[in-house]
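See structure below.
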Amino acid sequence: MSANDRPTGQPTATYESAFMKACRRESVPHTPVWFMRQAGRSLPEYRKVREGIPMLESCMRPELVAEITLQPVRRHNVDAAIYFSDIVVPLKAIGVDLDIKPGVGPVVEKPIRSRADLAQLRDLTPEDVAYVTEAIGLLTAELGETPLIGFAGAPFTLASYLVEGGPSRNHEHTKALMYGDPQLWAELLDRLAEITAAFLKVQIEAGASAVQLFDSWVGALAPADYRRSVMPASTKVFEAVKSYGVPRIHFGVGTGELLGLMGEAGADVVGVDWRVPLDEAARRVGPGKALQGNLDPAVLFSTTEAVETKTQEILDAAAGLEGHIFNLGHGVLPSTEPDALTRLVEYVHTRTAR
Ligand SMILES: Cc1c2[nH]c(c1CCC(=O)O)Cc1[nH]c(c(CCC(=O)O)c1C)Cc1[nH]c(c(CCC(=O)O)c1C)Cc1[nH]c(c(C)c1CCC(=O)O)C2
């Protein structure tokens, strides 16, 4: 199946939605909008349903996952939902001893630094994440024509948590392994590619209309290192889901120098942070790909007028693109005023209505 055929089981209205059309670089009724981290702490209704439930546990309760995923769709009129989960959920599901610490992020009990440590990473089966299949079933029934984006962490970003043992500014242990034992590094990334591919397949088979591979921290690498040490694993993930014909989005922070390679890895849509204007990003990515982005999430703390000015600059830079999905350049910051997001969706829809 090519990326332009409707996958079996997907409703026509979903396939014909603005978000899906923009991913396929077809003409759209308006520029579609969604936000990375649109579900989560910026919403009071999220904080209310999450009260007393640890993050990872909340990802394993299908009804709660469905509710949290739907909250921003109801509130902001976004053009897509993103499945509520976290990039470390598939690792937890295969038994890696890790937790998500509030205000910190994922923390791994026994970091992976040697060949023996690789034994922590067994294959992921659909049964390991039955709650994902169940939650997506609930969601597609509720969402109607609104597409659901499934997601996973890319091998490099997952490896960075596994090797460091937690969040890291400089990724020193990760780079020590990557440069010092390229063979073990390649095996680690290949294992993660298989787990990630299996996890994305579960989401697509359950009904996700598109997938996003988050390589959030890969901007820490120079292009030559990305090409040699990371790209083969990311390519393997994209290849593994290609035959489903669902759009594949790829995003990382600070990846201005990597945008071309990230597209080449197999993405249909390349996500761009706020550091590179979209017209310049299009030159770097080349033809045949849609772009997603790229308002600095911190701009939402400014005045409505400033948000609109910055947003209009992005829409102008995107005017010549083959396909554009409006998004932030990274996730919604937790203290963002929710109404600022609702106004932003409305602004983009109005300014781009055709
Ligand atoms: C790097 C990364 C992680 N997780 C994720 C990434 C890639 C995206 C990115 O670059 O931001 C992906 C992710 N994590 C979460 C989502 C939800 C879906 C959505 O976008 O709405 C998504 C897409 C929920 C979450 N994941 C997490 C929260 C916060 C926990 C909570 O609400 O209690 C949420 C809503 C925890 C988490 N998990 C992670 C971090 C850095 C944190 C934040 C730590 C903190 O500040 O508390 C790892």
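Both counts, for ligands and for their atoms, begin at 1 and track the order of listing.
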Looking only at non-hydrogen atoms, which of Tyr161, Phe251, Phe84 approaches atom 41 (C) of ligand 1 most closely?
Tyr161

Can you tell which of Val253, Asp86, Ile68 gets a heavy atom nearest to atom 37 (C) of ligand 1?
Asp86

Distance to 0.1 Å, residue and atom name: give those for the protein heavy atom nearest to atom 31 (C) of ligand 1.
Arg50 NH1, 3.1 Å

Taking atom types as modelled and ignoring hydrogens, do the side chains of Gln183 and Glu187 form a donor-acceptor contact shorter than 3.5 angstrom?
yes

Do side-chain atoms of Asp99 reach the backbone of Lys101 as a donor and acceptor pair under 3.5 angstrom?
no

Below 4.0 angstrom from a heavy atom of Pro106, which ligand 1 atoms are there? Numbered from 1 as shown, please.
38 (N), 39 (C), 40 (C), 48 (C)

Using a 3.5 Å cut-off on N or O atoms only, is Lys101 in polar contact with ligand 1?
no

For ligand 1, the portion of His330 having any non-hydrogen atom under 4.0 Å away:
side chain

Proximity to ligand 1 by part of Tyr83, non-hydrogen separation under 4.0 Å:
backbone

Does any N/O atom on Ser216 come nearer than 3.5 Å to any N/O atom on ligand 1?
yes

Quick one: does Thr336's side chain have a donor or acceptor within less than 3.5 Å of a partner on Val332's backbone?
no

Would you confirm whether the ring centroid of Phe84 sits within less than 6.0 angstrom of the ring centroid of Tyr46?
yes

Thr157 to ligand 1: N or O pair under 3.5 Å?
no

Taking only heavy atoms of Gly103 into account, list the atoms of ligand 1 that are under 4.0 Å away from them.
45 (C), 47 (O)

So the atoms of ligand 1 within less than 4.0 Å of a heavy atom of Ile100 turn out to be 36 (C)

For Glu57, is there an ion pair with Arg61 - N to carboxylate O distance below 4.0 angstrom?
yes

Which of these, Ser85, Gly40, Ser58, has its nearest heavy atom closest to atom 17 (C) of ligand 1?
Ser85

Out of Arg47, Arg37, Met36, whose heavy atom sits nearest atom 43 (C) of ligand 1?
Arg37

I need the nearest protein heavy-atom contact for atom 2 (C) of ligand 1: residue, atom name and distance, please.
Ile87 CD1, 3.5 Å

Parallel, tilted or perpendicular: which fits the ring planes of His330 and Trp217, with parallel below 30° and perpendicular above 60°?
perpendicular

Under 6.0 Å between the ring centres of Phe151 and Phe214?
yes

Give the residue, atom name and distance (to 0.1 Å) of the protein heavy atom nearest atom 30 (C) of ligand 1.
Met55 SD, 3.7 Å

Hey, does Gln38 come in under 3.5 Å of ligand 1, counting only N/O atoms on both sides?
yes

Are any of the N or O atoms of Arg41 closer than 3.5 Å to those of ligand 1?
yes

So, do Asn294 and Val276 sit near enough that their side-chain heavy atoms are less than 4.5 Å apart?
no

For Tyr46, the atoms of ligand 1 under 4.0 Å from one of its heavy atoms are 31 (C), 32 (O), 35 (C)

From the list Val107, Leu91, Val89, side chain to side chain contact (heavy atoms under 4.5 Å, CB included) with Leu98 holds only for Leu91

Would you call Arg343-Glu346 a salt bridge at under 4.0 Å N-O?
no

Under the 3.5 angstrom rule, does the side chain of Asp268 hit a backbone N or O of Arg248 as a donor-acceptor pair?
yes

Would Ala39 count as being in polar contact with ligand 1, using the rule that some N or O on each side must be under 3.5 angstrom apart?
yes

Under 6.0 Å from the NZ atom of Lys310, do we count more than 12 heavy atoms belonging to anything else shown?
no

Identify, for atom 8 (C) of ligand 1, the protein heavy atom at the shortest distance, and state residue, atom and that distance.
Phe214 CD2, 3.3 Å

